[in-house]
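These notes concern the structure reproduced below.
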Amino acid sequence: MIAKRLGKSVLLVERGKHPRFAIGESTSPLANLIIEQLADKYHLPRLKPLTTYGPWQRTYSDIACGLKRGFSYFSHEFGKPFHDTDDHHRQLLVAANPNSETADTHWYRQDVDHFFQQEAIVLGVDYSDETAANLLGTDDEGVSRIRFSKGPVIWDVECNLIVDASGPRGFLSRELGIPEVELKDYPQTATLFSHFEGVERVENLPDFANCMNGEVPFPVDDAALHHVFDGGWIWVLRFNNGITSAGVACETRIAERFGMADVEAGWHRFLKSLPSVAKQFANAKHTRPFIFSPKMTYRAERVVGKGWAMLPSAAGFVDPLFSTGIPLTLLGIERLGEILGGGSRHQELGDGLAEYGRITLEEIDWTAKFIGNCCAGFKDFHAFQEYSMHYFAAASYSEMARRLPGANRVRRYLASDRPDFAKSVARNGDFIRSRNTNNIADSIRAGIKTINIAGLSDPAKRQWYGVDLQDVVNGAGKLGLEPAIVRELIKNSDWADGCRV
């Protein structure tokens, strides 16, 4: 759609057919803000209601989605029911938005992807589905020739740029024989997942009753809900059509221990080892076949070349922890839009793509480094609680810097371009991996200080973090702004609806 708005001739080719099942469903404040800004910049107003739950429900009630108020984490031990104390040693709740109206969403991908496809057609993009493709070659100027076939019909197309959005180990990886690179210091992991009906809300289960003592920052089930254990985690994402996306991402040793390759039988064997999670799924029925992937991670050796580029979603995949996939890909789309809008001469395109490729791989590697350290922290949930503050500090700062005119921006995902912050991610990750975590809370509090505008890593909050925009006002100097200016910008915004500062 962006390329079409920039006056390009665009052909969108799909090997399958929409609507179709897809995984990767949870958005974040940064992801939705990027969509909002892209919609404004490229005049795509029909996309804007998708950026918050309230407008989505009023505008596109026929497109299923889920309400995401934040991130909920519960730490489990094999063979034991969940239990916690008033100090919340085994849980972490971090709000992402102040209310349901401005909340983020889980995308029911078969509906949302189909909507995007239809919007592209309405905009004038040529579209062909159930179509196979083969790359015949690329000349010295970067012009590629592709052969397409749909049933008995075969035709060739020349193009100045191929954008591969086909996912890990996708079209260009196969056609060009691009090697796969192992992610450094990252464990071998597997996934097993499906969609379900009848999944109970944890707030209704006695094992989690103590989590509801006091005023929780948001309903814990209206979130990206995580059940964490030594070696992996389970996601639970609810849609408003009665379907719940759920699955387990775990180290290979865990997958082999429970025989997850047996798919449905493996799922039930695994659930029995986590009694409280088993109760949540006691009456659940899967609505589609289970999918087992023996290797979850992927990273291509190269992601750009003469006349072609992969989206971040095709260039690599780490883990769905922290919902990093959609914002990483949207950042890539944003950068490609800037390249396409800057001119179409081959030299300019090539220079822009080279920089795009470098940043894309750096951000995938940075995300893998951070999430790998988080997974190592599952053995010591207190260490994970503290270390995760890096993500929430970087995400909240990045979002607010984009929202507030004149603020100091971060240019890379998860603030990898901030030296002090980057050193903290690396240093405290080493502490987790070496099990030297006695003073990790103080170390992380110091490490995120320069971008902590959300009141994070505060012992008084006992691992429950709501939205308090007064924290943003107090941190105005970190954004390069005056408190009075930030207060006025927040008061006059629609995204802070209902919040007082």
Side-chain angles (χ1 to χ4, degrees), residues 1-13 30-31 33-44 47 116 120 123 125-126 133 135 137-146 157-168 170-173 175-176 178 181 299-317 324-367 398 401-402 409-417:
M1 286 187 274
I2 290 170
K4 189 65 180 177
R5 283 295 195 213
L6 290 170
K8 311 301 180 183
S9 173
V10 185
L11 172 63
L12 176 62
V13 178
L30 178 60
L33 180 56
I34 295 172
I35 295 174
E36 179 183 328
Q37 293 177 337
L38 292 175
D40 287 338
K41 182 174 182 177
Y42 297 104
H43 188 53
L44 300 169
L47 302 190
F116 284 140
L123 212 60
V125 170
D126 294 328
L135 179 62
T138 302
D139 66 20
D140 292 340
E141 294 295 318
V143 177
S144 298
R145 180 180 290 273
I146 307 177
V157 169
E158 287 188 347
C159 61
N160 290 317
L161 179 64
I162 303 169
V163 178
D164 185 357
S166 59
F171 172 70
L172 286 174
S173 291
E175 291 292 302
L176 297 175
I178 296 173
V181 175
R299 201 271 223 181
E301 183 181 68
R302 55 194 175 101
V303 299
V304 297
K306 275 193 174 181
W308 63 269
M310 297 181 190
L311 287 188
S313 56
F317 183 80
T324 61
I326 291 178
L328 274 172
T329 295
L330 286 168
L331 285 167
I333 291 170
E334 182 179 55
R335 290 166 185 148
L336 285 175
E338 292 169 355
I339 293 169
L340 289 173
S344 58
R345 292 194 301 113
H346 295 301
Q347 185 61 45
E348 292 174 348
L349 184 62
D351 292 344
L353 291 181
E355 177 70 358
Y356 165 85
R358 182 183 66 80
I359 294 172
T360 297
L361 290 180
E362 283 181 358
E363 291 189 335
I364 291 170
D365 291 343
W366 178 249
T367 302
S398 298
R402 279 177 174 260
R409 292 273 295 272
V410 294
R411 300 296 175 183
R412 298 291 180 266
Y413 188 59
L414 291 182
S416 62
D417 56 335

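Just so we're clear, the structure is a prediction, and the values are computed from it rather than from any experiment. We're numbering straight along the sequence, starting at 1. We use all heavy atoms of the structure for the numbers below, so side chains are in, but hydrogens, waters and symmetry mates are not.
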Restricting to salt bridge (charged side-chain N to carboxylate O under 4.0 Å, His left out), what partner residues turn up for E334, sequence neighbours left out? R402
Atom CD1 in I162, atom CD1 in I146: separation rounded to 0.5 Å? 3.5 Å
What's the shortest heavy-atom distance between A120 and L12, and which atoms? CB-CD2, 4.4 Å
So do the side chains of L38 and L47 get within less than 4.5 Å of each other, counting heavy atoms only? no
Can you name the residues that form a side chain to side chain donor-acceptor pair (under 3.5 Å) with S416, not counting sequence neighbours? none
Under the side chain to side chain donor-acceptor pair (under 3.5 Å) test, residues paired with S144 that sit two or more places apart: T138
Once salt bridge (charged side-chain N to carboxylate O under 4.0 Å, His left out) is applied, do any residues pair with R358, and if so which ones, sequence neighbours excluded? E355, E362
Going by the rule side chain to side chain contact (heavy atoms under 4.5 Å, CB included), which residues pair with Y413 if we only count those two or more places apart in sequence or in a different chain? L30, T324, P327, L328, L331, E363, T367, Y391
Name all residues meeting the salt bridge (charged side-chain N to carboxylate O under 4.0 Å, His left out) criterion together with D365; count only those two or more places apart in sequence or in a different chain, and write none if there are none. R299
Of all heavy-atom pairs between L123 and K4, which one has the smallest distance, and what is that distance? O-CG, 3.7 Å
Listed partners of V410 passing side chain to side chain contact (heavy atoms under 4.5 Å, CB included), at least two apart: Y397, S398, A415, D417, R418
List in chain and number order the residues that pass ring pair (Phe, Tyr, Trp, His ring centres under 6.0 Å) with Y42, two or more places apart in sequence or in another chain; answer none if no residue qualifies. none
Please list, chain by chain and in numerical order, all residues satisfying salt bridge (charged side-chain N to carboxylate O under 4.0 Å, His left out) with D126, sequence neighbours excluded. none
Can you give each donor-acceptor pair under 3.5 Å made by side-chain atoms of residues 302-315, sequence neighbours left out, with the distance rounded to 0.1 Å?
{"residue": "K306", "atom": "NZ", "partner": "D140", "partner atom": "O", "Å": "2.8"}

